[in-house]
**Student:** 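Sharing a structure with you now.
Numbering of ligands and ligand atoms starts at 1, following listing order.
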Amino acid sequence: MNKDIATPIRTKEILNKYGFSFKKSLGQNFLVDPNILKKITEFAELTDQSGAIEIGPGIGALTEHLARASKKVVAFEIDQRLLPILDDTLSPYGNVKIIHQDVLKADVSEMIQEEFQQVKDLMVVANLPYYVTTPIIMKLLEERLPIRGIVVMLQKEVADRISAKPGTKDYGSLSIAIQYYTKAEAVMIVPKTVFMPQPNVDSAVIRLTKREQPAAQVTNEEFFFSVTRAAFAQRRKTILNNLTSQLPDGKEKKQQIIDILEEVNIEPSRRGETLSIQEFADLSNELYPLFK
Ligand code: SAM
């Protein structure tokens, strides 16, 4: 097996060879611990028939583990300066393709059709750039890509919010948005010391397993998500107060909103954080005709 890219010594050698300086604005905190990379790769449960999509390969630390564990890897990297480095570090692996593009602007669905015809399943695996973790995850889920799931490293605080259950302080519209599409688990907490340079915050790995069907039946998804966002606009307010102040003409429709809350057995004095995804679905399905 080839020597790991991600030991601190080899990473420093590579960075020195190319005179590479980290760009904080691109969330560049590289992993320098092969054991953590091995674990992240194991959480993805790849086989030699799997495809892997990576976002932000950096100098290839995680990419090479994915290349060893899967049939093919395609990685999106925004920073042009990393391309010649990746060409060099990943040269032992014939099953890796790097695409120089901002993943948020990429047509990932088209890429999958072009690159992954021959795989049995597809996972997204990444150590995400922390300045755009939520937009990246939401893009991957909202585009309903044919993926089995997502295993990513991100800020621990965001991992806690994503995997939070109703009734907890971390539960909010982000938990619902992600758990609507996936089963979300925080699977590992990662210390700052395994990064170069070290980030200011603690990190965690989450595993999102795509549901065959969304967690609840919703008449209009856009409206469902706007109801969940409205319900958490001010956490200390009741669901009734948040809905009347956030939904269009909510104040004038207050009595109808109260009637609908009662119809779906939700006390108007409850707080948004106590409602399950199913309750939000029931509520938004009943409210929808009033606001469409
Ligand atoms: N995978 C490497 C590792 O674990 O050491 C690097 C991870 S580093 C946290 C994030 C990487 O994402 C950097 O290489 C950065 O240049 C890249 N990146 C940042 N924003 C991006 C974007 N919008 N699209 C694609 N790559 C991006």
Side-chain angles (χ1 to χ4, degrees), residues 3-15 18 20-44 46 52-70 73-90 93 96-108 111 123-140 143 145 150-159 188 190-206:
K3 210 165 67 165
D4 269 336
I5 295 169
T7 62
I9 292 176
R10 176 120 193 265
T11 299
K12 274 191 200 133
E13 267 171 25
I14 294 167
L15 298 176
Y18 288 92
F20 182 84
S21 53
F22 293 102
K23 269 197 191 156
K24 215 174 164 187
S25 62
L26 292 180
Q28 292 179 335
N29 300 95
F30 294 172
L31 275 165
V32 289
D33 184 333
N35 288 322
I36 300 276
L37 290 159
K38 196 164 156 271
K39 282 193 194 149
I40 296 175
T41 307
E42 283 167 5
F43 287 128
L46 301 167
I53 300 174
E54 190 188 357
I55 293 142
I59 59 170
L62 176 60
T63 326
E64 75 171 348
H65 282 259
L66 300 177
R68 289 173 191 155
S70 70
V73 186
V74 173
F76 289 97
E77 176 53 64
I78 199 172
D79 188 348
Q80 182 152 22
R81 300 172 307 152
L82 290 165
L83 303 185
I85 307 182
L86 287 163
D87 246 5
D88 178 4
T89 57
L90 297 175
Y93 305 95
V96 177
K97 176 167 178 173
I98 306 292
I99 299 180
H100 175 217
Q101 199 174 14
D102 176 346
V103 71
L104 291 175
K105 297 192 179 136
D107 188 337
V108 182
M111 179 284 284
M123 285 295 285
V124 176
V125 191
N127 169 20
L128 289 176
Y130 288 179
Y131 73 107
V132 276
T133 45
T134 311
I136 291 175
I137 295 175
M138 288 319 298
K139 173 185 164 99
L140 298 170
E143 291 184 0
L145 303 170
I150 301 177
V151 171
V152 281
M153 172 101 76
L154 33 63
Q155 307 91 309
K156 181 176 174 300
E157 175 251 324
V158 180
M188 180 167 66
V190 179
K192 295 172 190 169
T193 47
V194 300
F195 296 91
M196 190 187 290
Q198 292 187 17
N200 298 326
V201 293
D202 287 327
S203 299
V205 176
I206 54 159

**Student:** Could you tell me which residues satisfy salt bridge (charged side-chain N to carboxylate O under 4.0 Å, His left out) with E13, sequence neighbours excluded, listed by chain and number?
**Tutor:** none

**Student:** Under a 4.5 Å cut-off applied to non-hydrogen side-chain atoms, are F76 and I53 in contact?
**Tutor:** yes

**Student:** Considering only distance and modelled atom types, tabulate donor-acceptor pairs under 3.5 Å from the side chains of residues 128-138, sequence neighbours left out.
**Tutor:**
{"from": "Y130", "atom 1": "OH", "to": "S203", "atom 2": "OG", "distance (Å)": "2.7"}
{"from": "T133", "atom 1": "OG1", "to": "Q155", "atom 2": "OE1", "distance (Å)": "3.4"}

**Student:** Distances under 3.5 Å, N/O of ligand 1 against N/O of the protein: list each pair and its distance.
**Tutor:**
{"from": "ligand 1", "atom 1": "1 (N)", "to": "E54", "atom 2": "OE2", "distance (Å)": "3.2"}
{"from": "ligand 1", "atom 1": "1 (N)", "to": "G56", "atom 2": "O", "distance (Å)": "2.8"}
{"from": "ligand 1", "atom 1": "1 (N)", "to": "P57", "atom 2": "O", "distance (Å)": "3.4"}
{"from": "ligand 1", "atom 1": "4 (O)", "to": "N127", "atom 2": "ND2", "distance (Å)": "2.9"}
{"from": "ligand 1", "atom 1": "5 (O)", "to": "L31", "atom 2": "N", "distance (Å)": "2.8"}
{"from": "ligand 1", "atom 1": "14 (O)", "to": "G58", "atom 2": "N", "distance (Å)": "3.3"}
{"from": "ligand 1", "atom 1": "14 (O)", "to": "E77", "atom 2": "OE1", "distance (Å)": "2.7"}
{"from": "ligand 1", "atom 1": "16 (O)", "to": "Q28", "atom 2": "NE2", "distance (Å)": "2.9"}
{"from": "ligand 1", "atom 1": "16 (O)", "to": "E77", "atom 2": "OE2", "distance (Å)": "2.6"}
{"from": "ligand 1", "atom 1": "20 (N)", "to": "Y131", "atom 2": "OH", "distance (Å)": "2.8"}
{"from": "ligand 1", "atom 1": "23 (N)", "to": "D102", "atom 2": "OD1", "distance (Å)": "2.9"}
{"from": "ligand 1", "atom 1": "24 (N)", "to": "V103", "atom 2": "N", "distance (Å)": "3.0"}
{"from": "ligand 1", "atom 1": "26 (N)", "to": "I78", "atom 2": "N", "distance (Å)": "3.4"}

**Student:** Quick check: closest heavy atoms across L37 and A6, and the distance to 0.1 Å?
**Tutor:** CD1-CB, 3.2 Å

**Student:** K97: what forms a side chain to side chain donor-acceptor pair (under 3.5 Å) with it, not counting sequence neighbours?
**Tutor:** E115

**Student:** Using 0.5 Å steps for rounding, measure from the CD1 atom of I14 to the CD1 atom of I85.
**Tutor:** 8.0 Å

